[in-house]
Amino acid sequence: MKLPKTYEPSEYEANIYALWERSGAFTADPTSHKDHFSISMPPPNETGTLSLGHALFLTLQDIMARHARQQGKDVLWLPGTDHAALPVNAIIERKLVEEGTNKHEIGRDAFLARTREFVADSRGTMLTQMRAMGASADWTRLRYTLDDALNRCVNETFTKMYSDGLIYRGNRIVNWDPILETNVSDIEVEYVEEKAKFYTFQYGPFQIGTARPETKFGDKYVVMHPDDERYATYQHGDTFETEWINGPITATIIKDDAVDPKFGTGVMTITPWHSQIDFEIAERHGLDKEQIIDFHGKLLPIAGEFEGLTITEARERIVQKLDHKGLLVKTDDHYLHSIAVNERGKAVIEPQIRLQWFVDVNKPVVNWKGKQRSITEVLQAVIADKDITITPQRFNKIYSHWVDNYRDWCISRQIWWGHRVPAWYRTDTDGKQETYVGVQPPTDQSDGWHDWEQDPDTLDTWFSSALWTWSTLIDPAIAQDYSLSLDELLQLSPDFKAYHPTTVMETGWDILPFWVIRMILMSTYVTGQVPFKDVYLHGMVKAADGKKMSKSRPESIIDPLKIIPQYGTDALRMGLIMGVKPGNDQNWSTGKIEANRNFCNKLWNIARFIEATLGDDYTPEKLEITSVADHWIMQKLQQNQQAIHADLDQYAFSEAYDKLYHFIWDDVADWYIEASKAAPNKPLLAFLLETMLLLVHPFAPFVSETVWQTLGWEGDSLLATKTVVAIPKAAAAKAESFTQIQNIVTESRFIQNALKVSGVTLYYNGVDFLRDNAAIIKRLARLRDVTEVTDGTGLYLTSTSASCWLDIDQATAKAYLGELAQKQTQQKAVITQLEQRLSNTSYVKNAPHAVVTQTKDQLAEARQLLVSLEREYARFDTTA
RNA sequence: GGGCGCUUAGCUCAGUUGGCUAGAGCAUCUCGUUUACACCGAGAGGGUCGGGGGUUCGAAUCCCUCAGCGCCCACCA
């Protein structure tokens with residue numbers, strides 16, 4: 001015996017993984033004549049550690065990749081990491097503060113050197129941990145969002161979009177984080193409910209409500225809905241004088257339908273510099289905009305005596321001052337509103353107007369299928385035209401909703417870690433400014449002009465992530481040749497030619513708007529291709545109580561690296577996909593992991609049994625399907641293999657897993673292995689094991705490969721690189737006989753259990769398949785014997801048409817009358833139901849023929865069973 | 001305000017275009033240590049599929065409605 005008694009995953013996993021990687025089993029070959037299959041791995045944060053979310057996506061993508069390899073495809077699963085600009089930048093800034101310095105003191109170059117050092121130290125951690133999950137990724141093609149080639153792609157794309165007018169620079173209102181001192185995109189902002197005070201002030205003839213009096217210094221426009229009857233006497237453009245915080249001001253009346261007449265007094269003043277809505281109103285009417293709060297969150301000189309105070313410091317004092325002036329009308333202490341915070345760091349967002357770079361999503365300059373369209377039009381078209389399908393389907397709606405509400409994407413960030421905006425500015429001696437945008441820095445020097453200076457900002461991390469599917473396929477060596485255009489780079493890169501569009505994008509539904517939509521945006525624009533044909537979205541793994549795993553509740557976080565040594569990676573993988581629907585969140589449950597640890601053990605022991613049965617001196621023999629059990633298991637094997645592959649082709653992972661689990665545990669272990677103990681078919685057992693290992697492999701690669709390697713039936717061959725084997729055809733009639741045997745065994749067990757008897761003899765009268773399988777039945781039903789007789793008394797079995805009975809004396813058997821009566825009642829109910837259905841002419845007329853036939857068969861079967869039951873019942877009733 | 005999802009056994013969840021007596025894992029109860037496995041085997045109990053209405057020969061599945069839970073988006077002057 002080569003297989004030890006128990007499977008200890010931790011003793012094998014690392015070695016098995018090393019064996020795979022060393023062998024090149026995961027290395028893609030773009031020159032292969034096989035069909036290509038490709039997945040871009042969503043690049044995790046390079047400084048992160050493996051979470052259950054990572055474990056889930058690695059499992060799903062690994063199943064896809066391994067399944068495709070088994071189907072004989074050339075597979076590229078391209079791994080990588082993301083530079084995660086904002087969080088990494090924040091970590092370094094915090095470290096600097098802890099050291100008593102800051103980024104401005106040490107300067108940009110030192111800051112970047114410091115950051116590079118930090119990420120280099122931590123990047124390996126994530127890569128090692130991804131391997132621990134068994135990920136069959138092509139590590140020879142590992143990419144990083146800050147690779148030189150990717151940086152070139154970023155600059156090329158930016159330049160191309162700039163020249164097409166898809167990227168512009170403008171003064172727009174942005175979500176400003178005064179703590180991290182950068183702006184963040186709309187979708188990185190989250191809202192937190194907060195109870196606040198809501199003040200109503202007298203403002204000239206009007207009353208206005210606000211929760212933010214500290215922004216009101218510069219307010220000189222009062223806005224109301226044009227149809228609001230209460231203010232019909234006031235005309236758009238009218239002015240009036242009023243006393244305000246720091247003395248008298250002149251205010252102008254503006255009519256705009258952005259105002260909700262039902263809210264408060266239906267009148268508001270606006271602060272265009274610090275509110276999205278106010279900004280839009282100001283834009284519509286060409287109004288002045290003034291900055292009130294600086295970029296550190298402090299009040300500017302316009303606040304007069306309040307200058308330099310923070311928002312919270314100033315608020316109460318301003319209210320007091322207005323109160324003293326008699327302008328405070330009322331205060332509502334129970335006002336509930338949402339405040340915007342940055343999801344990274346949770347700092348309160350202060351809208352600010354800043355000169356930023358934006359992607360224009362509405363300009364119709366993208367060439368898609370021969371037409372000039374806007375980005376949003378292309379994004380809608382790829383779904384409408386089914387160039388891309390999303391699983392589960394319901395996310396189509398969510399996708400459309402996002403795209404319909406897409407606003408210009410602000411792509412510049414005021415942090416240092418990341419791809420720097422490829423724009424340079426210079427001024428001449430008269431102060432005239434010139435902008436240059438290009439892949440490489442401008443080199444010209446002209447008299448009368450100052451030197452070029454690069455834009456200090458970096459790009460949103462998602463800008464480079466959006467290029468991921470194709471930028472990672474560009475040959476890094478070719479990318480160094482700047483004489484080539486971006487299009488030439490793509491066309492000359494073998495990986496791009498072979499693997500793009502990628503086959504499928506597997507990721508969490510939460511980053512559909514951040515990433516999936518933007519990859520489609522960039523890929524269609526730059527390459528003219530969709531980035532992927534299918535999108536598969538998985539759900540979140542939440543804590544056992546159904547709430548999010550959160551750093552604020554450390555006890556809620558499950559660390560996969562603690563689960564793996566305890567239960568094995570395979571158990572974790574299968575536990576994460578068991579019973580989980582695409583796009584649905586799941587709650588963590590150790591029970592599922594345990595169940596799969598047990599499943600691995602079951603598989604291991606099936607292998608041990610087969611190994612022991614074959615014996616050490618076993619030499620391969622020709623496969624022959626002989627017994628009814630053989631035919632039955634081969635039929636099951638064939639059906640399950642087909643069904644499991646079909647499920648996997650449709651990304652129905654939990655369905656495929658469920659079939660696999662029950663085939664192996666119920667059919668193979670509980671029936672076929674047990675039957676084999678009476679009469680083993682060695683070549684068939686060997687074939688069955690090999691086929692099972694192949695079926696299990698995508699789900700549980702470690703245990704399956706460990707068994708395969710330990711047995712060493714084919715020398716050095718790897719299970720990971722084997723392809724699907726054809727299953728020889730079984731005879732349906734013989735397989736059916738085995739189900740008869742199952743009925744006999746099950747009923748015999750049931751009766752013995754119910755009557756608390758054991759070691760009973762089963763008699764039968766002239767039934768061939770019973771004669772042939774007497775030993776198997778005896779063993780499985782734990783009978784004393786299975787004997788052929790011509791006649792006799794006892795308790796007849798009712799679940800089979802075969803004539804057989806258990807040798808149980810009348811007195812004991814009488815106790816079974818109750819069971820028989822109960823079964824009769826059940827059976828009569830079934831028959832009544834079926835008869836009613838068939839007597840319904842509409843049913844017979846309307847239901848599909850197959851369904852009606854099925855019903856008739858069921859009825860015939862049910863009647864037959866009832867006859868048996870009644871006969872048996874009568875026999876005892878009369879002899880009693 | 002708009003949208004999406006969920007509500008099925010004690011618990012966690014499957015149930016693919018409507019069609020076997022609605023399933024799984026865990027838990028529970030009974031029996032059992034037979035040399036693959038106690039991380040085991042055999043057997044059992046347990047659900048009027050959230051409530052109500054409708055469509056249909058037929059509804060857990062489709063439609064309407066109500067209730068509860070969760071999430072997303074917008075707004076919050």
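Naming convention: chains lettered A, B, ... in sequence-line order (proteins, then strands); numbering from 1 in each chain. Remember, it's a predicted structure, so these values are computed and weren't measured experimentally.
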Side-chain N or O of Arg394(A) less than 4.0 angstrom from OP1 or OP2 on C4(B)?
no

Just N and O in the side chain of Trp665(A): are any of them under 4.0 Å from OP1 or OP2 of G41(B)?
yes

Roughly, in whole Å, what's the span from CD in Glu611(A) to P in C37(B)?
13 Å

Who pairs with Tyr661(A) by side chain to side chain contact (heavy atoms under 4.5 Å, CB included), at least two apart in sequence or on another chain?
Phe599(A), Tyr657(A), Trp665(A)

Within the 4.0 Å heavy-atom criterion, would you say Ala669(A) contacts the bases, only the backbone, or no part of the nucleic acid?
base

Roughly how many Å is it from CD in Gln833(A) to C1' in A22(B), rounded to a whole number?
12 Å

Is Glu280(A) reaching over with its side chain to a backbone N or O of Pro272(A), donor-acceptor style, under 3.5 angstrom?
no

Does Ser799(A) have any side chain to side chain contact (heavy atoms under 4.5 Å, CB included) partners at least two apart in sequence or in another chain, and if so, which?
Asn743(A), Glu747(A)

Does the structure place the NZ or CZ of Lys823(A) under 6.0 Å from the centre of the six-membered ring of Phe750(A), at an angle of no more than 45° from the ring's axis?
yes

Ignoring hydrogens and geometry beyond distance, is the side chain of Lys5(A) in donor-acceptor contact with the base of A36(B) at under 3.5 Å?
no

Let's test your reading of the model: under 3.5 Å, does the base of C37(B) pair with the side chain of Lys602(A) as donor and acceptor?
yes

To check you understand the geometry: which heavy-atom pair defines the closest contact between Tyr203(A) and Ala251(A), and what is its length?
OH-CB, 3.6 Å

Over all strands shown, is Arg597(A) touching base, sugar-phosphate only, or nothing at heavy-atom distances under 4.0 angstrom?
base

What string of B, S and - do you get for nucleotides 8-19 of chain B, 5' to 3', when a contact is any protein heavy atom under 4.0 Å?
----SSSS---B

In dot-bracket notation, what is the pairing pattern of RNA chain B, taking Watson-Crick (N1-N3 plus N6-O4 or O6-N4) and G-U wobble (N1-O2 and O6-N3) contacts under 3.5 Å, with [ ] crossing and | for other strands?
(((((((..((((.....[...)))).(((((.......))))).....(((((..]....))))))))))))....

Is a donor from one side chain sitting under 3.5 angstrom from an acceptor on the other, for Thr252(A) and Lys220(A)?
no

The side chain of Gln858(A) lies closest to which of these nucleotides: C71(B), U21(B), G25(B)?
U21(B)

Grab the CD1-C1' distance between Ile390(A) and C4(B) for me, whole Å please.
14 Å

5' priority, RNA chain B, between Val223(A) and Phe750(A) [closest heavy atom]
Phe750(A)

Enter the distance from Thr271(A):OG1 to Asp278(A):CG here, rounded to the nearest 0.5 Å.
5.5 Å

Check whether any side-chain heavy atom of Tyr399(A) sits under 4.5 Å from a side-chain heavy atom of His401(A), and report yes or no.
no

Stacked cation flag Arg749(A) on Trp671(A), 6.0 angstrom / 45 deg:
yes

Can the ring centroids of Tyr234(A) and Phe206(A) be said to lie less than 6.0 angstrom from one another?
yes

Would you measure the distance from the P atom in A60(B) across to the matching atom in G52(B) and give it in whole Å?
13 Å

Reckon Ile673(A) touches a base, only the sugar-phosphate, or nothing at all at heavy-atom distances under 4.0 Å?
base

For a quick check of understanding: with a heavy-atom distance under 4.0 Å over all strands, which category does Val844(A) fall into, base, sugar-phosphate or nothing?
nothing

Just verifying a value: how many Å separate Leu859(A) CG and Leu838(A) CG, rounded to the nearest 0.5 Å?
6.0 Å

Please report the C-alpha distance between His337(A) and Tyr335(A) in whole Å, then the side-chain angles of each, then the deciding distance to 0.1 Å, and finally whether the ring-ring contact (aromatic ring centres under 6.0 Å, His included) criterion is met.
CA-CA 6 Å; His337(A) 72 153; Tyr335(A) 177 62; 5.3 Å; yes

Determine all donor-acceptor pairs shorter than 3.5 Å in which one atom belongs to a side chain in residues 563-572 of chain A; sequence neighbours excluded.
| residue | atom | partner | partner atom | Å |
| --- | --- | --- | --- | --- |
| Thr569(A) | OG1 | Glu13(A) | OE1 | 2.7 |
| Thr569(A) | OG1 | Glu13(A) | OE2 | 3.3 |
| Thr569(A) | OG1 | Ala132(A) | O | 3.2 |
| Asp570(A) | OD1 | Phe702(A) | N | 3.2 |
| Asp570(A) | OD2 | Phe702(A) | N | 3.3 |
| Asp570(A) | OD2 | Val703(A) | N | 2.6 |

Strand contacts (RNA chain B) in residues 777-786 of chain A, 4.0 angstrom heavy-atom criterion:
Arg782(A)

For U30(B) and Lys756(A) - does any side-chain N or O of the residue sit under 4.0 Å from the phosphate oxygens OP1/OP2?
no

How is Thr269(A) classified with respect to the nucleic acid when contacts are heavy atoms under 4.0 Å: base, sugar-phosphate, or nothing?
sugar-phosphate

Tell me if the side-chain of Glu674(A) makes a donor-acceptor pair with the base of A42(B), cut-off 3.5 Å, by modelled atom types.
no

Over all strands shown, is Phe395(A) touching base, sugar-phosphate only, or nothing at heavy-atom distances under 4.0 angstrom?
nothing

Between Ala211(A) and Thr6(A), just flag the one whose closest nucleotide in RNA chain B comes earlier from the 5' side.
Thr6(A)

When we call it a touch if two heavy atoms are under 4.0 Å apart, what does Phe263(A) touch: a base, just sugar-phosphate, or nothing?
base

Looking for any heavy atom pair under 4.0 Å, which part of the strands does Lys397(A) touch: base, sugar-phosphate only, or nothing?
sugar-phosphate

Between atom CG in Asp186(A) and atom C1' in A74(B), what is the gap in whole Å?
11 Å

Just to be sure I understand the rule, does Trp604(A) reach a base, reach only the sugar-phosphate, or reach nothing, if contact means heavy atoms closer than 4.0 Å?
nothing

